[in-house]
Protein chains: 2
Amino acid sequence: MNLKKATEIGKCLSNQTRFQVLEWLKEPEKHFPPHETLKHFNDGVCVTYIQEKSGLSQSTISTYLTNMEKCGLLISTRHGKWSYLKRNEKTIKQFTDFLT
Amino acid sequence: MNLKKATEIGKCLSNQTRFQVLEWLKEPEKHFPPHETLKHFNDGVCVTYIQEKSGLSQSTISTYLTNMEKCGLLISTRHGKWSYLKRNEKTIKQFTDFLT
DNA sequence: TTCACATATCGAGATTTATCAATATGTTTG
DNA sequence: CAAACATATTGATAAATCTCGATATGTGAA
């Protein structure tokens, strides 16, 4: 973790929706319905569910999630036509360690 | 700590200078010369030193520090004509706990 | 009380971000 | 392959942030 990377993460955390997504993804089963095909949340939650819950447009959420992945806050996994997002606890810890 | 407060802190952390200030204030004696009147860094570092080190204008730094104090990242103490700033470890911990 | 210095606030222009609708790209299924 | 669905990218506009110089306020010293 360095200052530049930490600041990029800070940017992601400067918006309520983006921060909220990270909170939701702590406990997907509490905040999202089960997936149709996948029977677990091991790889997180699909973009559509996050988009619906956020209330923002599909393009906005897609951009948010892409950026959050780029700076290491999220891990994206593709299964068929769906992209699943989960928290990247490793980067999150590096960030909080850097701050502390 | 709640989402709104955490996002305000995120905003502070979305700028390299502001994040850097927090890093500098971890070890003031490593990054700043000793104060003339005060012989310690118990209350942190005066605005002028932070401003000089940052290279930004006095007004910009003053605004940054004020905002960082408002959202609880810094504690400000006045001694005579100087304001000293130090990290507010309590809020920082609440923030990292909230994120984790 | 006046001067000098430390910090805060104001007003403004340049840059960045928020957010959308429209469109494009992937991927499965019929 | 064509249709349908999931996600990504583009282009645009409104809002927010960055940053400064100028100015105001607060405080100790002469």
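Keep in mind that what you see is a predicted model, and the values were worked out from it rather than measured. Sequence lines set the chain letters: A, B, ... in the order given, protein chains first and strands last, and positions in each chain run from 1.
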(message) Measuring from atom CD1 of I50(A) to atom OG of S62(A), what distance do you get when rounded to the nearest 0.5 angstrom?
(response) 10.5 Å
(message) Between Y84(A) and N42(A) (side chain of the first, backbone of the second, donor and acceptor by atom type, cut-off under 3.5 Å), is there such a pair?
(response) no
(request) Supply the atom-to-atom distance E89(B) CD to T100(A) OG1, rounded to the nearest 0.5 angstrom. (result) 7.5 Å
(request) Decide side-chain contact (heavy atoms from CB on, under 4.5 Å) for F41(B) and H35(B); before the verdict, give the C-alpha distance in whole Å, the side-chain angles of both, and the deciding distance to 0.1 Å. (result) CA-CA 8 Å; F41(B) 289 110; H35(B) 292 119; 3.7 Å; yes
(request) Considering only NZ, NE, NH1 and NH2 on the basic side and carboxylate oxygens on the acidic side, decide whether E8(A) and K4(A) come within less than 4.0 Å. (result) yes
(request) Answer yes or no: is there a donor N or O on one side and an acceptor on the other, between the side chain of Q51(B) and the main chain of L56(B), under 3.5 Å? (result) yes
(request) Could you tell me from which nucleotide to which nucleotide of DNA chain D, 5' to 3', there is an atom under 4.0 Å from chain B heavy atoms? (result) dT17(D) to dG28(D)
(message) Pick the closest DNA chain C nucleotide for S76(B) and for Y64(A) by heavy atoms, then say which residue is nearer the 5' end.
(response) S76(B)
Restricting both atoms to N or O, compile the protein contacts to nucleotides 4-7 of chain C shorter than 3.5 Å, with distance only.
from   : atom 1 : to     : atom 2 : distance (Å)
dA6(C) : O3'    : K81(B) : O      : 3.3
dT7(C) : OP1    : V47(B) : N      : 3.4
dT7(C) : OP1    : S83(B) : N      : 2.9
dT7(C) : OP1    : S83(B) : O      : 3.3
dT7(C) : OP2    : T48(B) : N      : 2.9
dT7(C) : OP2    : T48(B) : OG1    : 2.2

(request) Round to a whole Å and report the spacing from CD1 of I61(B) to P of dT9(C). (result) 15 Å
(message) Just so I know, are the side chains of W82(A) and V47(A) near enough to count as touching, which here means a heavy-atom distance under 4.5 Å?
(response) no
(request) Starting from the first five and the last five pairs of the helix from dT1(C)-dA30(D) to dG30(C)-dC1(D), work out the angle between the resulting helix axes, to 10 degrees. (result) 20°
(message) Using a heavy-atom cut-off of 4.0 Å across all strands, would you classify L65(B) as base, sugar-phosphate, or nothing?
(response) nothing
Could you list all N or O pairs between the protein and nucleotides 13-16 of chain C that sit under 3.5 Å apart?
none

(message) Any heavy-atom pair between the side chains of Q58(B) and T48(B) that's under 4.5 Å?
(response) no
(message) Within the 3.5 Å criterion, strictly below it, is a donor on T60(B) or S57(B) matched to an acceptor on the partner's side chain?
(response) yes
(message) Closest-nucleotide mapping onto DNA chain C: is S59(A) or E69(B) further toward the 5' terminus? I mean the 5' end.
(response) E69(B)
(message) Filter on salt bridge (charged side-chain N to carboxylate O under 4.0 Å, His left out), then keep only pairs touching residues 15-25 of chain A, sequence neighbours left out; what's left?
(response) E23(A)-K26(A)
(message) Do L22(B) and L13(B) make a side-chain contact, defined as non-hydrogen atoms from C-beta onward lying under 4.5 Å apart?
(response) yes
(message) Checking side-chain polar atoms at under 3.5 Å, does T91(B) have a donor or acceptor matched by the opposite partner on N88(B)?
(response) yes
(message) If I take atom OG1 from residue T96(A) and atom CG from residue D97(B), how far apart are they, to the nearest 0.5 angstrom?
(response) 9.0 Å
(message) Using a strict heavy-atom distance below 4.0 Å, which residues from residues 31-39 of chain A are in contact with DNA chain C?
(response) none
(request) Check whether any side-chain heavy atom of V45(A) lies under 4.5 Å from a side-chain heavy atom of L85(A), and answer yes or no. (result) no
(message) Using side-chain contact (heavy atoms from CB on, under 4.5 Å), reason through R87(B) and I92(B) one step at a time and then give a plain yes or no.
(response) CA-CA 8 Å; R87(B) 288 164 57 100; I92(B) 292 172; 3.6 Å; yes
